[in-house]
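Worksheet: the structure to be examined is printed underneath.
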Amino acid sequence: MPVGDHSAKPSSRPSASQVLVVTSVMFTFISYWRTAAIVLCDLAGTAYYIGGIVESQIGKAGPWFIMGVMILSGAVSTVYVESCAMFVRGGVYKIVKEAMGRQMAGLAVSALLFDFVLVGPISSVTAGHYLMGLLSDLMDLGPESPLVAHQNALSSLLAIGVTLYFWRVNTRGIHESSDQALKILGATTVMAVILITWCAVTIALDPSKRELPPTAPDLSRKVDFQGEPVLDPFGRQVDPLGFLGHTEVAAQLRPDAIEGNWWGLIGVFGLLVAFGHSVLAMSGEETLAQVYREVESPKLKNFKKAALVVFLYSLTLTTVISFLAVMIIPDDVRMSQYSGNLIGGLAMHVAGPQWARLALNALVVVVGFLLLSGAVNTAILGSNGILNRVSEDGVLPDWFLRPHPKYGTTSRLLNLVVILQVVTIVLSQGDVLTLGEAYAFGVIWSFVFMSGSMLILRFKRPGRREFEVPLNVQVRDYRVPIGMTLIFLILAAAAVSNLLTKEIATVSGILFTGAFFAVFQVSEYLRKKRLGSASHEHLEQFNEEESEGLSPSALALSHPFRKLVAIRSPYNLGMLQKCLDETDPETTDVVVMTANVLPKGSGDYHPTITDYDRQLLTAVVNLAEHAGKPVKPLIVPTNEPLFALAQTAKTIGAQELIMGMSNKFNPEDQLDQVALYWLNICGSKPEPLTIRVLGQDRDARLDIAGGGHIPRPGAMAAEAAQLLADLRRGWHGVERLLLAYDGSPLSADFLDTVMSFLDPAVEVTLLYVSEAEEEEVRAEAEGRRIIERGADRARELGRRVTFKMSFGDAGEEIVREAVEGKFDAIFMSLRGVYRRGDTSAFASNTRYVLEHAPCRVILGFAPKSIPPPAPAPTGH
């Protein structure tokens, strides 16, 4: 962008600092562990409340049905993996839209929003109940105490505070929220291991607690342990058969009538009802689809790992906890005192003294508070992802997608979600069982819509996918999806049974879904009325940051290698696709540049993102998300695009500059023009640069000053593995090692390698040789600082080393020390700087050591990409 006096004549060669730095919404990528952690903060969090909710409906058989639901969740996760392999920005809305159209997609996402709006409140309110229960146990309070009497209200206040905290975290961005989720998951794992081990000891010591729960569900109207009716929020006795409670079907499903007849038609329906009451245990699967766009490369492979981790972890934790709670907590207090904090009750009934059980309960509550609070984070994240998909399709106004000016997140959607959650907490008055009952509606119906749509797409879009739900049979041109069909039928049957038997869920779910569906319809109608019949094209929303001086720090470039990719058209990004395929995001930053060509003499230019720029950068974002690799977009106004390209490459320190094929020039002319600009910019000593012109089947390149060599994905890892193998072969028989160390970056790198992989039994001595011509006092002080830094680095890596200093010729001193110290081996780097200027392989010092060493000499070879140390400053 022009800076300074706009009335001045523009330069014939605009500066590359005249740029518009562009940032996208949520343009970061996370590992599969972080992905799994975000989802597990919801799925694993259900272990804290699902047991009480299910037992309140079907009795002590609940754990068996929870286990069945968790096994089914593994199958459902494969549906999500297949859907995400098809659509990076997938999820229920996208899949249902592709299969059944926009109207059904709006209905499906309305039901799903009911799920996400409720998962936050039920998790945060449950966290409050656990905390209140711990305080009650610590202070030995009775049921008449104010803390216990107002437990729901206090839990509601706490839930609102937790919701507002995670609203702030998500406003700041997903990477920070995934950090929180990963830490919470680690704490949960520690707690689970301690609790399950303690429960196993309790069962081993007390034979009366070894009886497994009954397998037959109890579908009677509910009474407490004293025989008094258990009432729902509307003052009616809780009945697991809901709307069917007064029918002949219900009479046949009551305990006295159904006993021994579970495998008849009525009995199977009863089992399906019990399964439907337990389906809440696998809520959170949709979050997998919402975070898929943020999964790092290799995207699908990492996503499958995340899905497997989520399944195994949630299956183990939720199922085991549910069984242990029924086996260990006495019947007379389990539901009356601990229905809302079942794991807290489990902690208070394990073997051991009271103080130890209270300590365990405190651990359970602290970790549970973190985990359930993390579920609030997951709910906000999932709701935001869903509404993003809806807004991108033009159903909600683009105003909702405007990114936060500082953090780049869709803060307006986050605000809407959090307002709905806070209202839900207030309306529920902190009753966990009520929230759980209502919650089931969105969970099951979102799964039905998802699996049904994926089943339709198998026939609507035939052909092999990158991943398919297992159990498929090839019949002529179609692969019959037996596995997908079975998953859909099970989910649909459970959804219908829930619709008939869960009154609170049915009534509240239909009202909420209908209300949101109406909002979507009205919003879309107004958009069409405003824009006419033109189809909606989603354009990504971007923040615009004017930069007066382009630099690596302005673009947040942090890796040692950099590529600059020039783009012009959203329909011709093949060069960017190839660049991303070749790029290792752990070592290389990718900057994507487009030029706004200015007419000569335009001194009044004010930078902004045009609709064409937005269309172009939206295509860039989609490519980057599909690859799971970040890019840094920028727009450069210029009247000479190729000069601006070369100048930008020089400014950011790019080793590689990539262009697409031109319609006007052949690739050789493109290379020559950019090369001339590069030589002009660099002056008499051009810096290394590789210029490439990429086409569909063409890769023309020109290396200047040897070219900029950027390692491809896995190249550095393979080189490191070979180095490690060579080192390990070299250490055989070595008990005492002398390591020549000069404090240079290269020498420090080899120190890291040796300390990390050398057998701890080998004694290591660092030797620093000061140059003879230096002033002795100054040389000794400098040498001591260098060698002590090396010893400190070794201690950071868990190793203790001794160190020595000497003066004189480096080669001679190394050999002398090896002789006097009776060392078994000497380690040197081929590119070491044992004396300044002695940098070439097999220079005089290296040759001297090889010719005179009394023991073996191990030479390490480092990559050429490691820069040589800067010359020491001269003193006065």
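Quantities reported herein were computed from a predicted structural model and do not represent experimental measurements.
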**Request:** Let me see the working for Phe65 and His277 under side chain to side chain contact (heavy atoms under 4.5 Å, CB included), right down to the final yes or no.
**Result:** CA-CA 9 Å; Phe65 289 89; His277 279 294; over 6 Å; no
**Message:** Using a 3.5 Å distance criterion without hydrogens, assess whether the side chain of Ser136 forms a donor-acceptor pair with backbone atoms of Gly133.
**Reply:** no
**Message:** Checking side-chain polar atoms at under 3.5 Å, does Asn498 have a donor or acceptor matched by the opposite partner on Trp445?
**Reply:** no
**Pairs meeting criterion salt bridge (Lys or Arg N to Asp or Glu O under 4.0 Å) with involvement of residues 319-329, two or more places apart** = none
**Request:** For Thr189 and Tyr313, test the side chains for any donor-to-acceptor distance below 3.5 angstrom and give the result as yes or no.
**Result:** yes
**Asked** Closest heavy-atom contact between Leu271 and Pro217?
**Response** CD2-CD, 4.0 Å
**Main-chain N/O of Ile343 paired to Tyr130 side chain as donor or acceptor, under 3.5 Å** = yes
**Item:** Intermediate values then yes/no, side chain to side chain contact (heavy atoms under 4.5 Å, CB included), Gln57 and Val54
**Value:** CA-CA 5 Å; Gln57 297 294 320; Val54 174; 6.0 Å; no
**Fill in**
dist Leu134:CG -> Leu363:CG (nearest 0.5 Å) comes out at 10.5 Å
**Request:** Answer yes or no: is there a donor N or O on one side and an acceptor on the other, between the side chain of Arg221 and the main chain of Gly245, under 3.5 Å?
**Result:** yes
**Message:** Check for me whether the distance between the ring centres of Phe114 and Phe512 falls short of 6.0 Å.
**Reply:** yes
**Side-chain heavy atoms of Thr126 within contact of Leu435, under 4.5 Å** = no
**Complete:** Of all heavy-atom pairs linking Leu346 and Leu324, the shortest is CD1-O, 3.5 Å
**Message:** Rounded to the nearest 0.5 Å, what separates atom CG in Leu370 from atom CG in Leu185?
**Reply:** 11.5 Å
**Asked** Below 4.5 Å, heavy atoms only, C-beta onward: do Val223 and Glu228 meet side chain to side chain?
**Response** no
**Request:** Report yes if some heavy atom in the side chain of Cys199 is under 4.5 Å from a heavy atom in the side chain of Val350; otherwise report no.
**Result:** yes
**Prompt:** Looking only at heavy atoms, which two atoms of Pro63 and Phe323 are closest? And how far apart?
**Reply:** O-CE1, 3.6 Å
**Item:** Check: Trp198 side chain, Ala351 main-chain N or O, donor-acceptor pair, under 3.5 Å
**Value:** yes
**Item:** Side-chain donor/acceptor of Ser56 to backbone N/O of Ile53, under 3.5 Å
**Value:** yes
**Glu294/Arg34 salt bridge by N-O under 4.0 Å criterion** = no
**Message:** I'd like to check Val162 versus Leu372 (side-chain heavy atoms, cut-off strictly below 4.5 Å). Are they in contact?
**Reply:** no
**Request:** Show your reasoning for whether side chain to side chain contact (heavy atoms under 4.5 Å, CB included) applies to Leu40 and Ser314.
**Result:** CA-CA 7 Å; Leu40 281 170; Ser314 57; 4.1 Å; yes
**Request:** Please name the pair of heavy atoms, one in Leu164 and one in Val418, separated by the smallest distance, quoted to 0.1 Å.
**Result:** CD2-CG1, 4.1 Å
**Side-chain (Arg254) to main-chain (Leu219) donor-acceptor, under 3.5 angstrom** = yes
**Asked** Given side chains that start at C-beta, do those of Gln354 and Met348 come closer than 4.5 Å, heavy atoms only?
**Response** yes
**Asked** Does the ring of Phe441 carry Lys502 above it, NZ/CZ under 6.0 angstrom from centre and within 45° of its axis?
**Response** no
**Prompt:** Can you tell me how far NZ of Lys304 sits from OG of Ser77, rounded to the nearest 0.5 angstrom?
**Reply:** 12.0 Å
**Closest contact, heavy atoms only, Ser124 versus Ala159** = OG-CB, 3.1 Å
**Residue pair Tyr165 / Arg168, side-chain heavy-atom distance below 4.5 Å** = no
**Complete:** To the nearest 0.5 Å, atom CG of Leu253 lies from atom OG1 of Thr501 at 10.5 Å
**Item:** Under 3.5 Å donor-acceptor, Tyr48 side chain and Gly368 backbone
**Value:** yes
**Item:** Pairwise ring-ring contact (aromatic ring centres under 6.0 Å, His included) hits with a residue in residues 335-375, at least two apart
**Value:** Tyr338-His349
**Distance, nearest 0.5 Å, that separates CD1 of Ile66 from CG of Leu315** = 12.0 Å
**Message:** Donor-acceptor pair, distance only, cut-off 3.5 Å: does the side chain of Thr506 make one with the backbone of Leu499?
**Reply:** yes
**Asked** Will you find, in the side chains of Asn152 and His129, an N or O donor that is under 3.5 Å from an N or O acceptor?
**Response** yes
**Request:** Under the salt bridge (charged side-chain N to carboxylate O under 4.0 Å, His left out) rule, collect the residues that match up with Lys60, sequence neighbours excluded.
**Result:** Asp331
**Request:** Mark yes or no for whether Gln237, through its side chain, and Lys222, through its backbone, hold a donor-acceptor pair below 3.5 Å.
**Result:** yes
**Prompt:** Do Trp167 and Thr163 come within less than 4.5 Å of each other through their side chains, counting heavy atoms only?
**Reply:** no
**Message:** Does any part of the side chain of Lys209, heavy atoms only, come nearer than 4.5 Å to the side chain of Thr202, both counted from C-beta?
**Reply:** yes
**Complete:** Scanning both residues in full, the closest heavy-atom pair of Gly68 with Phe275 reads C-CE1, 3.9 Å
**Request:** Just do the side chain to side chain contact (heavy atoms under 4.5 Å, CB included) check on Glu55 and Met335 with the steps written out, would you?
**Result:** CA-CA 8 Å; Glu55 186 171 350; Met335 292 305 294; 3.8 Å; yes
**Message:** Working to the nearest 0.5 angstrom, can you tell me the gap between Leu342 CG and Ser322 OG?
**Reply:** 7.5 Å
**Item:** Backbone of Ile329 reached by a side-chain donor or acceptor of Arg334 within 3.5 Å
**Value:** yes
